[in-house]
Amino acid sequence: MFLFNRFLHSIIRFVLVSVMTIAIVFAWSAIAHSQLPSLPTTASNDPHQPPSGVTRLGMYEIASVHSPLDRNLLFEIVSPTVFNRSQPPDGSLPVEVRAEEITQRLIRALDRTNKAKQTPLVSIAILNKDLILQLSDDQTTRPLRLVTVTEPDADYHGKTLEELAQEWQKILQAEVERINRLFSHKVLWQRIGQALQISIGLVLGSVVLWLLRRTLIRKQTALQVRHQEQIAAVKQGVVKRSEAETSTTIHTIDTSEKKTDADTIAHQRSQFLDTIRRQFSLKHQLGIYSLLTWLLFWAFILMWYIGIVVIMYRVPYLMRWSTDALARPLALLIIWFFITLVIRIGKILIDRLTVSAQ
C-alpha cells in the first residue's frame with residue numbers, strides 16, 4: 001500500500017508539472033510574439049502580405065491613427081495597396097509608414113500643446129494643392145502639418161475632401177483641447193492628488209491583508225502543532241494496540257483475562273478511530289486556512305494590479321502606457337492564477353486518494 005501511494009503521488013505530480021510546463025511555454029510564446037512583432041517569421045517577412053495593424057481591402061489598405069495621449073482611436077487613413085513592399089512603386093507610400101508619420105507629428109503636437117499658453121488651433125489649409133490639417137500655437141511662427149487628406153481617404157469614408165477634412169479637424173481639435181485641459185496645472189495636480197490617495201489606499205489595504213494573513217498563519221501553525229501531536233498519538237495507539245493483541249495471544253488460557261483484554265482492545269480501537277477522525281478534521285481545517293491564505297495573496301495581487309492601472313489612467317503622463325499595463329500583465333496573472341489553482345486542486349485530489357487508499 002505504501003508503494004502504491006508513492007506511485008500515485010508521483011503520477012499526479014508528473015501530470016501537474018507537465019500541464020504547467022505546457023501552459024507556460026504556450027503563454028510565453030504568445031507574449032513573445034505580441035511584444036516582438038518583427039521576429040523573422042515567414043508571415044511577417046512576406047512582402048506581399050500587409051503587416052500587422054494594416055487591413056487590405058482590394059485596392060486600398062487601411063491603418064488606424066491613435067491618440068498620442070492614451071492610444072485611443074482617432075480616425076482611419078487609407079492608401080493605395082502596395083502589393084510588394086520590398087519594391088514599392090515610385091511615389092507610393094505604404095499606409096503603415098504614413099500612419100507612423102502622422103503619429104510622430106501628433107506627438108510633436110502634444111509637446112507644443114503643453115508649452116502653449118493658449119489652446120492651439122487645428123485649421124484646414126492647402127499645401128501644394130493638397131488639403132492638409134495643421135496646428136497653430138502662440139509659441140511658434142510656423143504651423144505644424146499634422147495630416148494630409150487624400151482622395152483614397154475621402155473615397156473610403158464616402159465623403160468629399162472638404163467634408164472629411166472638417167470631420168478630422170473636429171476630432172483633432174477636440175484631442176488638442178483634451179490634452180490642454182489634462183495638462184493644465186489645476187487638473188494635473190488634482191489627478192496627481194487622486195493618484196496619491198489611491199497609493200495610500202493600496203498601502204493601507206496591504207497592511208490590513210498582511211495582518212489578516214499573519215493571523216491565519218498563526219492559527220495554521222497552531223493547528224499544525226496539534227496535527228503533529230495527533231499523528232504522534234496515532235502512532236502510540238498503534239503500538240499499544242499491537243501490545244494488547246500480543247498479550248491476548250499469551251493469555252489465551254485464562255478466559256476472564258481474555259475477556260478483559262478483548263474489552264481493552266475494543267476501547268483502544270475506538271480511541272484509535274476517534275484519533276484518526278480528529279486528525280482528518282484538523283487536516284481539513286488546515287486546508288481551509290491554506291485556502292484563505294491563498295485567497296488573501298491573490299486579493300493583494302489583484303488590489304495592486306487594479307490600483308496601478310487606475311493610477312496610470314488618471315495621470316496624463318502615464319496614460320500612453322495604460323493599455324499595455326492592462327493587457328499584458330493581465331494575461332500573465334491569469335496564467336499564474338490557473339497554475340496555482342491546478343496545483344491546489346491536485347493536492348486536494350492527492351489527499352483524498354490517499355485517504356481512500358488507506
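What you see below is based on every heavy atom in this structure, not just the backbone, and it leaves out hydrogens, waters and symmetry mates.
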(request) Would you indicate whether R108, at its atom CZ, is surrounded by more than 12 heavy atoms from other residues, nucleotides or ligands within a distance under 6.0 Å? (result)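 Not more than 12 within 6.0 Å, no.
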(message) Among residues at least two apart in sequence or on other chains, which ones pass ring-ring contact (aromatic ring centres under 6.0 Å, His included) with W336?
(response)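 Checked W336 against ring-ring contact (aromatic ring centres under 6.0 Å, His included); matches are F297, W298.
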(message) I'd like to check the ring-ring contact (aromatic ring centres under 6.0 Å, His included) partners of F183; sequence neighbours left out, ordered by chain and number.
(response) Y317
(message) For the aromatic rings, using the six-membered ring if either is Trp, is the centroid distance between W294 and F337 under 6.0 Å?
(response)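 Distance test on ring centres: under 6.0 Å, yes.
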(message) Between T119 and E177, is there a side-chain donor-acceptor contact under 3.5 Å, judged purely by atom types and distance?
(response) no
Heavy atoms, side chains only, cut-off 4.5 Å: are [X] and [Y] in contact?
X	Y	value
L74	L106	yes
M303	L209	yes
L135	V176	yes
L161	T150	no
P68	T103	no
P152	S79	no
N114	I179	yes
L172	L146	yes

(request) Heavy atoms only: give me the nearest Q173-P120 pair and the separation to one decimal. (result) NE2-O, 3.2 Å
(request) Quick one: closest heavy-atom pair of P89 and V82, and the distance? (result)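 The pair with the smallest heavy-atom distance is CD-CG1, 4.3 Å.
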(request) Would you kindly confirm whether L133 and Y156 end up in one hydrophobic cluster when ILVMFWY residues are joined by side chain heavy atoms under 4.5 Å apart? (result) no
(request) Answer with yes or no whether the hydrophobic clustering places I217 together with W210; edges join I, L, V, M, F, W, Y residues whose side-chain heavy atoms lie under 4.5 Å apart. (result)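 No.
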(message) Tell me which pairs pass salt bridge (charged side-chain N to carboxylate O under 4.0 Å, His left out) where either residue lies in residues 145-162, with sequence neighbours left out.
(response) R98-D153, K159-E167
(request) Name all pairs fulfilling the salt bridge (charged side-chain N to carboxylate O under 4.0 Å, His left out) condition that reach into residues 54-73, sequence neighbours left out, sorted by first residue then second. (result) R56-E61, E61-R85, D70-R178
Mind checking side-chain hydrogen bond (donor to acceptor under 3.5 Å, both in side chains) for [X] and listing every partner two or more places apart, or none if nothing turns up?
X	answer
S86	N84
E100	Q104
D111	K115

(message) Taking transitive links into account, so neighbours of neighbours count too, which hydrophobic residues share a cluster with L121 at under 4.5 Å side-chain distance?
(response)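 Cluster partners of L121: none, it stands alone.
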List the atom pairs, with distances to 0.1 Å, where a side-chain N or O of residues 124-132 and a protein N or O form a donor-acceptor pair under 3.5 Å, not counting sequence neighbours.
none

(request) Please list all pairs passing the ring-ring contact (aromatic ring centres under 6.0 Å, His included) test where one or both residues lie in residues 85-110, with sequence neighbours left out. (result)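 Every pair satisfying ring-ring contact (aromatic ring centres under 6.0 Å, His included) with a residue in residues 85-110: there are none.
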(message) Per the ring-ring contact (aromatic ring centres under 6.0 Å, His included) rule, what does the pair list look like for residues 68-122, sequence neighbours excluded?
(response) F75-W168
(request) Give a yes or no on whether a salt bridge exists between D137 and R112, defined as a side-chain N under 4.0 angstrom from a carboxylate O. (result)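 Salt bridge between D137 and R112, a charged N being under 4.0 Å from a carboxylate O: yes.
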(message) Would the distance check show the side chain of Q134 and the main-chain N or O of S123 forming a donor-acceptor pair, the cut-off being under 3.5 Å?
(response)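 No; judged by distance alone, with no hydrogens or angles, the pair does not exist.
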(message) Please check this pair: side chain of Q118 against backbone of D138, looking for a donor-acceptor N/O pair closer than 3.5 Å.
(response) no
(message) Going by side-chain hydrogen bond (donor to acceptor under 3.5 Å, both in side chains), name the pairs with one or both residues in residues 187-206, residues two or more places apart or in two chains.
(response)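 Qualifying pairs: Q194-R314, S206-W304.
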